[in-house]
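A note on names: the letters A, B, ... follow the listed sequences, proteins ahead of strands, and every chain is numbered from 1.
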Number of protein chains: 2
Amino acid sequence: MVDDVVRTLGFLCMGSRFRRIGERLQADTQQIIEEYGIVIQAAQYPFLAALDRAGALTIGELAQAVGITQPGATRTVSQLLELGLVDMQAAPDDQRRRLISLSRKGQELVDYSKQSVWPRISAAVADLCGDLNGPILAQLAAIEDGLAEAALARRAAKEETT
Amino acid sequence: MVDDVVRTLGFLCMGSRFRRIGERLQADTQQIIEEYGIVIQAAQYPFLAALDRAGALTIGELAQAVGITQPGATRTVSQLLELGLVDMQAAPDDQRRRLISLSRKGQELVDYSKQSVWPRISAAVADLCGDLNGPILAQLAAIEDGLAEAALARRAAKEETT
DNA sequence: AGCAGTTATATAACTTGTTATGTAATTTTC
DNA sequence: GAAAATTACATAACAAGTTATATAACTGCT
């Protein structure tokens, strides 16, 4: 039996490792969503949640809220538009900005999800991550903050080469 | 300032969150690799490490070793073939199996990497993840084991519906 | 020996993120 | 007030994973 190199190499392959964990979690989350007969992708939910929480947001604000880049947000928003879950209109004071808001259908989906799918997903994931050995959410937050500090790895590199 | 919905929603968006952390780590890792003038992708390194560690492996064994699916392994191997870093030949006893091994050039790259890039990457990532608050590697291993148990989320679902 | 089933790899299409770059609207500067 | 710079979004091309399916080689049964 070949052992798991990524795991054995420890810190060397953390990128791949985080990524593949994320992909599997998303796939499992998708399973749960589909059991409820809901027709959206797992990755689209954070957008709806952000709009529900904050009201209308621009593309840029949405990207920031869900933590991805602007082109990614543009694409997901256009999918949600096609699904009729959000509305888009240019901001009155600045024609460049597009204000995205939950449509009636989108709001209904969010309201339904809040009391059905979301608790189920949270429970399943918490069962997987949280019950094990502690405050993984805090650890992830710390890692994200570290990454946000303008790429720690890159900084370390500059120190060395300059 | 819009807050980070993914983070605020806690366990609900763990998939996206792991994934985006992984992608950023990989991007940073790539930066380090390029500083050394090495022309491979961060995601290809685990394959070379696996071959260095275990000798010749088939496509299927490689997929298992680096923890991805077989089509993903097939693609990465074909990239490494084009780069001249590995050799491929059919297994003598079973023409279906393709034995992949490090080429001379590949072995040289691994030997060089072992003493230059890999320690640098490990150090940078450990600095980011390990120094903070403990044994994150153990936690990830536990999560991966949980996921491997045939999709925990899905099992939970079946309990409920049957 | 031949046929059925299984296994190993290849290929195609998709997902969800990325970077790089283009375009239109606004703001700044002279 | 017009030119230059900036900002917000859109578009294109790529990366690295996925699932689904096809093909070729092997194994087992009668």
Side-chain angles (χ1 to χ4, degrees), chain A residues 2 6 13 15-31 33-34 40-47 57-64 66-81 88-100 147 151, chain B residues 2 6 13-31 33-34 39-47 57-64 66-81 88-100 147 151:
Chain A
V2 181
V6 174
C13 310
S16 283
R17 197 166 175 192
F18 267 96
R19 191 172 178 158
R20 87 189 200 200
I21 290 176
E23 270 153 7
R24 285 177 194 172
L25 275 174
Q26 269 187 334
D28 281 10
T29 302
Q30 191 66 41
Q31 286 274 339
I33 292 172
E34 279 164 14
I40 75 171
Q41 302 289 106
Q44 296 168 346
Y45 254 140
F47 287 78
L57 293 173
T58 66
I59 297 274
E61 288 166 338
L62 264 174
Q64 199 179 336
V66 306
I68 64 171
T69 55
Q70 169 262 309
T74 296
R75 179 169 48 193
T76 299
V77 164
S78 72
Q79 292 166 348
L80 293 172
L81 273 169
M88 178 162 85
Q89 64 184 119
D93 54 320
D94 184 342
Q95 297 291 106
R96 292 171 305 176
R97 297 183 146 175
R98 302 302 156 89
L99 281 172
I100 315 298
L147 283 171
Chain B
V2 180
V6 173
C13 310
M14 286 291 268
S16 284
R17 196 166 175 192
F18 268 97
R19 190 172 179 159
R20 88 188 199 201
I21 290 176
E23 270 153 7
R24 284 177 194 173
L25 275 174
Q26 269 187 335
D28 282 9
T29 301
Q30 191 66 42
Q31 285 273 341
I33 292 171
E34 281 165 11
V39 295
I40 76 172
Q41 301 291 104
Q44 296 168 346
Y45 253 141
F47 287 77
L57 293 173
T58 67
I59 297 275
E61 288 166 337
L62 264 174
Q64 201 180 334
V66 307
I68 64 171
T69 55
Q70 169 263 310
T74 295
R75 179 171 46 192
T76 299
V77 164
S78 71
Q79 292 166 347
L80 293 173
L81 273 170
M88 178 162 85
Q89 65 183 119
D93 55 319
D94 185 342
Q95 296 292 106
R96 291 171 307 177
R97 295 183 147 175
R98 302 302 156 89
L99 282 172
I100 315 299
L147 282 171

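Here D/dG17 presents its C1' atom at 16 Å from CZ of B/F18, a figure rounded to the nearest Å. Spacing between atom CZ of B/R19 and atom P of D/dG17 amounts to 10 Å, rounded to whole angstrom units. Rounded to whole Å, the distance from CZ on A/R24 to P on D/dG17 is 11 Å. As rounded to whole Å, 11 Å separates atom P of D/dA15 from atom CD of B/E34. Look at CD on B/Q79: it is 13 Å from P on D/dC14, rounded to the nearest Å. Straight-line distance from the CZ atom of A/R17 to the P atom of D/dG17: 14 Å, rounded to whole Å.
A/V77 is listed as a side-chain neighbour of A/I100, based on a closest heavy-atom distance under 4.5 Å. Contact of the A/L99 side chain with the A/T58 side chain is registered, since non-hydrogen atoms from C-beta on lie closer than 4.5 Å.
The side chain of A/T74 places no N or O atom within less than 4.0 Å of a non-bridging phosphate oxygen (OP1 or OP2) of D/dT11. The phosphate of D/dA8 has OP1 or OP2 within less than 4.0 Å of a side-chain N or O from A/R97.
In terms of position along DNA chain D, the nucleotide closest to A/M88 lies nearer the 5' end than the nucleotide closest to the other residue of the pair B/Q30 and A/M88. Each of A/P71 and A/Q26 has a nearest nucleotide on DNA chain C; the 5'-most of these lies closest to A/Q26.
Partners of A/Q70 by side-chain hydrogen bond (donor to acceptor under 3.5 Å, both in side chains), not counting sequence neighbours, listed by chain and number: A/T74. For A/Q30, the side-chain hydrogen bond (donor to acceptor under 3.5 Å, both in side chains) test picks out A/E34, with sequence neighbours left out. For A/Q44, the side chain to side chain contact (heavy atoms under 4.5 Å, CB included) criterion is met by A/I40, A/Q41, A/T76, A/Q79, A/L80, A/L83, not counting sequence neighbours. Among residues two or more places apart in sequence or in another chain, the salt bridge (charged side-chain N to carboxylate O under 4.0 Å, His left out) test is passed with A/R75 by none. Residues forming a side chain to side chain contact (heavy atoms under 4.5 Å, CB included) with A/A63 (at least two apart in sequence, or on another chain): A/A73. In terms of the side-chain hydrogen bond (donor to acceptor under 3.5 Å, both in side chains) criterion, residue partners of B/Q26 (sequence neighbours excluded) are, by chain and number, A/S16, A/R19.
For DNA chain C, the span of nucleotides reached by chain B at under 4.0 Å from its heavy atoms goes, 5' to 3', from C/dT7 to C/dG17.
Remark: the A/Q70 side chain and the D/dA10 base include a donor-acceptor N/O pair separated by less than 3.5 Å. In this model, a side-chain donor or acceptor of B/R75 finds a partner on the base of D/dG17 within 3.5 Å.
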Could you list the protein-to-nucleotides 26-28 of chain D atom pairs, N/O on both sides, closer than 3.5 Å?
residue: D/dC26; atom: OP1; partner: B/Q95; partner atom: N; Å: 2.5

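The side chain of A/R98 approaches D/dC9 more closely than any other nucleotide in the set D/dG17, D/dT18, D/dC9.
Summary for the helix from C/dA1-D/dT30 to C/dC30-D/dG1: the axes at its two ends, each from 5 pairs, differ by 10° when rounded to the nearest 10 degrees.
The CZ atom of A/R20 sits 12.5 Å away from the CG atom of A/L25 when rounded to the nearest 0.5 Å.
Minimum heavy-atom separation, B/P46 to B/A43: CD-O, 3.4 Å.
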When you look at B/T29 and B/Y45, which way does the side-chain contact (heavy atoms from CB on, under 4.5 Å) test go after all the steps? CA-CA 11 Å; B/T29 301; B/Y45 253 141; 5.9 Å; no

Could you walk me through whether A/I68 and A/F47 pass the side-chain contact (heavy atoms from CB on, under 4.5 Å) check? CA-CA 11 Å; A/I68 64 171; A/F47 287 78; 3.7 Å; yes

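Note on A/T58: only backbone sugar-phosphate atoms sit closer than 4.0 angstrom, heavy atoms only; bases stay farther off. Within 4.0 Å of B/G72, counting heavy atoms only, lies at least one base atom of the nucleic acid.
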